[in-house]
Amino acid sequence: MRILSQIQIFFLSIVILLLITISSSTSSTYSNKTNLDYIKTSCNLTLYKNICYNSLSPYASTIDSKPQKLAVTALNLTLSSAKSALKVIKAISHKTGLTRLEVAAVNDCVEEIGDSVSELQDSLRELDSINNKDSSKFEMVVSDVQTWASAALTNDDTCMDGFGRAGTVMKDLVRQHVVNVARLTSNALALINMYASTHKN
Ligand SMILES: *[C@@H]1O[C@H](CO)[C@@H](O)[C@H](O)[C@H]1NC(C)=O
Ligand SMILES: *[C@@H]1O[C@H](CO)[C@@H](O)[C@H](O)[C@H]1NC(C)=O
Ligand SMILES: *[C@@H]1O[C@H](CO)[C@@H](O)[C@H](O)[C@H]1NC(C)=O
């Protein structure tokens with residue numbers, strides 16, 4: 001009797017586990033092939049395809065094959081990475097033992113990446129608030145967003161240029177974070193451009 005109930009509990013657990021697996025795989029963001037294929041095809045237009053797909057695929061169901069949501073999500077991820085890069089670079093700038101060149105370069109980066117964060121915030125706010133029906137406003141908003149996102153990308157380059165050609169541990173540390181932001185920004189910009197072009201048709 002005791003053993004029987006344990007066996008029953010065992011099978012009941014398996015049935016429950018199966019049900020959970022089935023229901024989560026049908027409602028999971030990963031299950032809808034249409035939405036995932038949309039991200040794959042869109043990311044194919046970006047420079048860093050794998051980063052694009054890997055970062056955006058968890059949001060496939062939110063994006064729901066919509067170019068505006070795709071661009072907004074890509075911008076939002078870029079903003080998050082710029083914010084965390086800024087935090088790291090600020091921490092580096094407070095370290096002791098930096099050379100004079102490194103101090104100057106890291107401080108410049110804090111400023112440049114700080115500007116990027118504001119530009120990405122502005123872009124995200126504008127792009128998120130776009131009113132699809134007002135097409136006269138659309139062109140202007142998208143043009144602003146393109147300008148801000150490009151400026152953010154330029155800041156990343158300017159930040160790295162400040163270190164000069166000498167390779168140092170500090171430079172590598174900063175670069176690691178800035179390169180990641182730059183790649184996400186480049187991808188987001190490509191997806192914004194894609195959104196702009198699909199809207200014209
Ligand atoms: C994916 O989801 C969309 C709506 O979000 C739906 O229209 C479409 O039929 C779904 N495709 C599949 C293969 O489930
Ligand atoms: C990506 O683009 C290339 C051409 O640039 C094309 O051959 C390939 O089929 C595309 N892949 C996807 C997944 O769209
Ligand atoms: C951006 O992402 C955060 C979570 O990381 C979310 O709270 C916020 O609503 C998102 N903003 C937009 C405009 O999608």
Side-chain angles (χ1 to χ4, degrees), residues 24-25 27-91 109-110 112-156 176-201:
S24 70
S25 72
S27 67
S28 150
T29 55
Y30 294 97
S31 66
N32 192 319
K33 199 171 176 308
T34 310
N35 288 339
L36 281 176
D37 281 348
Y38 174 74
I39 293 176
K40 189 161 270 175
T41 311
S42 306
C43 284
N44 204 19
L45 303 169
T46 68
L47 219 43
Y48 309 99
K49 302 177 182 21
N50 289 338
I51 295 177
C52 178
Y53 185 76
N54 292 336
S55 61
L56 289 166
S57 53
Y59 304 95
S61 68
T62 312
I63 293 166
D64 197 20
S65 304
K66 295 191 170 77
Q68 190 232 8
K69 289 237 172 80
L70 179 67
V72 164
T73 307
L75 258 183
N76 205 357
L77 291 172
T78 308
L79 174 62
S80 300
S81 94
K83 278 179 178 170
S84 64
L86 182 61
K87 209 178 273 179
V88 171
I89 299 168
K90 267 185 182 160
C109 279
V110 169
E112 298 286 346
I113 305 302
D115 287 348
S116 289
V117 167
S118 331
E119 281 148 3
L120 292 167
Q121 263 162 348
D122 289 345
S123 301
L124 181 61
R125 193 180 342 98
E126 285 290 293
L127 200 61
D128 190 44
S129 71
I130 262 181
N131 175 5
N132 279 320
K133 287 170 190 122
D134 188 353
S135 57
S136 62
K137 201 182 162 207
F138 177 88
E139 308 261 312
M140 202 183 71
V141 167
V142 165
S143 161
D144 281 347
V145 170
Q146 284 167 327
T147 305
W148 290 327
S150 306
L153 194 52
T154 306
N155 294 342
D156 303 336
Q176 226 178 306
H177 293 274
V178 173
V179 161
N180 184 44
V181 178
R183 287 179 178 167
L184 286 172
T185 310
S186 157
N187 282 351
L189 195 51
L191 297 175
I192 291 164
N193 293 341
M194 188 193 87
Y195 172 45
S197 67
T198 56
H199 193 270
K200 271 172 197 147
N201 301 323

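Just so you know, ligand 1 is whichever comes first in the structure, and atom 1 is the first atom listed for that ligand. Every value quoted in this text rests on a predicted model; they were computed, and no experiment measured them.
- When only interatomic distances are considered, the shortest N/O to N/O separation between Asn76 and ligand 3 falls below 3.5 Å.
- Rounded to the nearest 0.5 angstrom, Cys43 SG and Asn54 CG are separated by 9.0 Å.
- Side chain to side chain, Asn155 and Glu119 meet the donor-acceptor criterion of an N or O pair below 3.5 Å.
- Of the charged side-chain nitrogens involved, none lies within less than 4.0 Å of a carboxylate oxygen, so that Lys40 and Asp37 do not count as a salt-bridged pair.
- Contacts classified as salt bridge (charged side-chain N to carboxylate O under 4.0 Å, His left out) and involving residues 66-82 (residues at least two apart or in different chains) are given here: Asp64-Lys66.
- In this structure, ligand 2 sits under 4.0 Å from heavy atoms belonging to Lys40, Asn44.
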Only distances under 3.5 Å count here; give the side-chain donor-acceptor pairs of residues 141-152 to other protein atoms, sequence neighbours excluded, each with its distance to 0.1 Å.
residue: Gln146; atom: NE2; partner: Asn193; partner atom: OD1; Å: 2.7
residue: Thr147; atom: OG1; partner: Ser143; partner atom: O; Å: 2.8
residue: Ser150; atom: OG; partner: Gln146; partner atom: O; Å: 2.7

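- For Glu112, the side chain to side chain donor-acceptor pair (under 3.5 Å) criterion is met by no residue, not counting sequence neighbours.
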